[in-house]
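Here's the structure, in structure tokens; my notes come after.
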Amino acid sequence: MPTEKELLATCSQVGNLLLNSGAETFRIENTIEHIGKAAQTPIVCYSTLTAIFISINESTDTLFIKPKMGGYDLKKVDAINQLSRDFTQQKINFNQFNQAVIDLDQTVTQTPFWLQVLGAGLVSMAPMLVFKATWTDLSLSFFVGLLAFIFSKKITNYYDFPYISEVVGGFTIGLLASLLVKFHIGDNLYNIIISSLMPLVPGVAITNAIREIIAKEIISGIVRITYAFFVAGAIAFGVILAIEVCH
């Protein structure tokens, strides 16, 4: 069995990985506490989006982690969940579990950019099926959403300013949609805009916020909702600014 310091170090790395990968706080707490039970050491974990506290019941040892919120990497969340299950079910020992966590922390699982762009275009087309839009608007929403996604991602390479990518993405959508309708290439301005916004909408953040609140993790839920609100506001500002410029 691992020592208390080894167990705390591994649990801290697991918590940091889960939070930086977009996991809910209650998932982080449950995962770490289950790891403690599997190691026959009672652990208590309390997590928010800005801090994680890990403590051993029968000891004065307490670990405080101040992680930085990252993006969303659901592959890593799934991988850690599977590793913790394997460790809990004694399919792997602690050393194997610890090494797998270290390897996972050093692994980059980012989806290729071209695939992200293609996915953004396809996601932009989906609402058009609900709107029963014309084939022209369906095609245009693919390219508008795709271009907006590219510009919103590329702008961060030059300006590391909060919410600038969302404003640029929204502005791109509003500008392109307005010009397409103005020159009678597109049919419905609002259908194109709403559809093209889909890749930029913080859907995972909103979903996780609702799950946090349902799980009675009120603080983390409010933080995620606030973040989603600011992202949506930045996108809306960019769209409205572009429409006003074109009119």
Who are the side-chain hydrogen bond (donor to acceptor under 3.5 Å, both in side chains) partners of Glu212, not counting sequence neighbours?
-> Thr25, Arg224

Could you list the residues that satisfy side-chain hydrogen bond (donor to acceptor under 3.5 Å, both in side chains) with Glu24, not counting sequence neighbours?
-> Arg27, Arg211

Classify the angle between the aromatic ring planes of Phe113 and Phe149 as parallel (below 30°), tilted (30 to 60°) or perpendicular (above 60°).
->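 Rings of Phe113 and Phe149: parallel, under 30°.
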
Could you tell me how the ring of Phe87 sits relative to the ring of Phe97: parallel (under 30°), tilted (30 to 60°) or perpendicular (over 60°)?
->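 Correct class here is parallel.
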
What closest approach, in Å, do [X] and [Y] show between heavy atoms, and which atom pair accounts for it?
| X | Y | answer |
| --- | --- | --- |
| Ile52 | Cys45 | CG2-SG, 3.9 Å |
| Ser12 | Leu63 | CB-CD2, 3.3 Å |
| Thr156 | Ser165 | CG2-CB, 3.8 Å |
| Ile193 | Ala177 | CG1-CB, 3.6 Å |

Is there a donor-acceptor pair closer than 3.5 Å between any side-chain N or O of [X] and the backbone N or O of [Y]?
| X | Y | value |
| --- | --- | --- |
| Asn208 | Ala23 | no |
| Ser141 | Leu138 | yes |
| Gln82 | Ala79 | no |
| Lys37 | Thr88 | no |
| Gln96 | Asn93 | yes |

same_hphob_cluster(Ile219, Ile213) at 4.5 Å side-chain heavy-atom cutoff |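 No, no single cluster joins them.
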
In terms of hydrophobic clustering (I, L, V, M, F, W, Y; side-chain heavy atoms under 4.5 Å; direct or indirect links), are Tyr190 and Val239 co-clustered?
-> yes

Under 3.5 Å, is there a donor-acceptor pair linking the side chains of Asn95 and Gln99?
->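 No, Gln99 and Asn95 have no side-chain donor paired with an acceptor closer than 3.5 Å.
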
Atom pair CD1/CG of Ile43 and Leu7 - distance to nearest 0.5 Å |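 Between Ile43 CD1 and Leu7 CG, I get 4.0 Å after rounding to 0.5 Å.
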
Test side chain to side chain donor-acceptor pair (under 3.5 Å) applied to Asp105 and Gln13, step by step | CA-CA 8 Å; Asp105 190 20; Gln13 194 166 18; 3.1 Å; yes

Just wondering, do Leu140 and Thr136 contact through their side chains at under 4.5 Å, heavy atoms?
-> yes

Flag the pair Ser124 / Leu146 as yes when at least one side-chain heavy-atom distance between them is below 4.5 Å, and no otherwise.
->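 Contact flag for Ser124/Leu146 side chains = no.
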
Around Gln89, counting heavy atoms of other residues, nucleotides and ligands shown, do more than 12 lie under 6.0 Å from its CD?
->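 For Gln89, atom CD is crowded (more than 12 foreign heavy atoms under 6.0 Å).
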
Lys216 NZ/CZ over Phe26 ring centroid, <6.0 Å and within 45° of normal = no

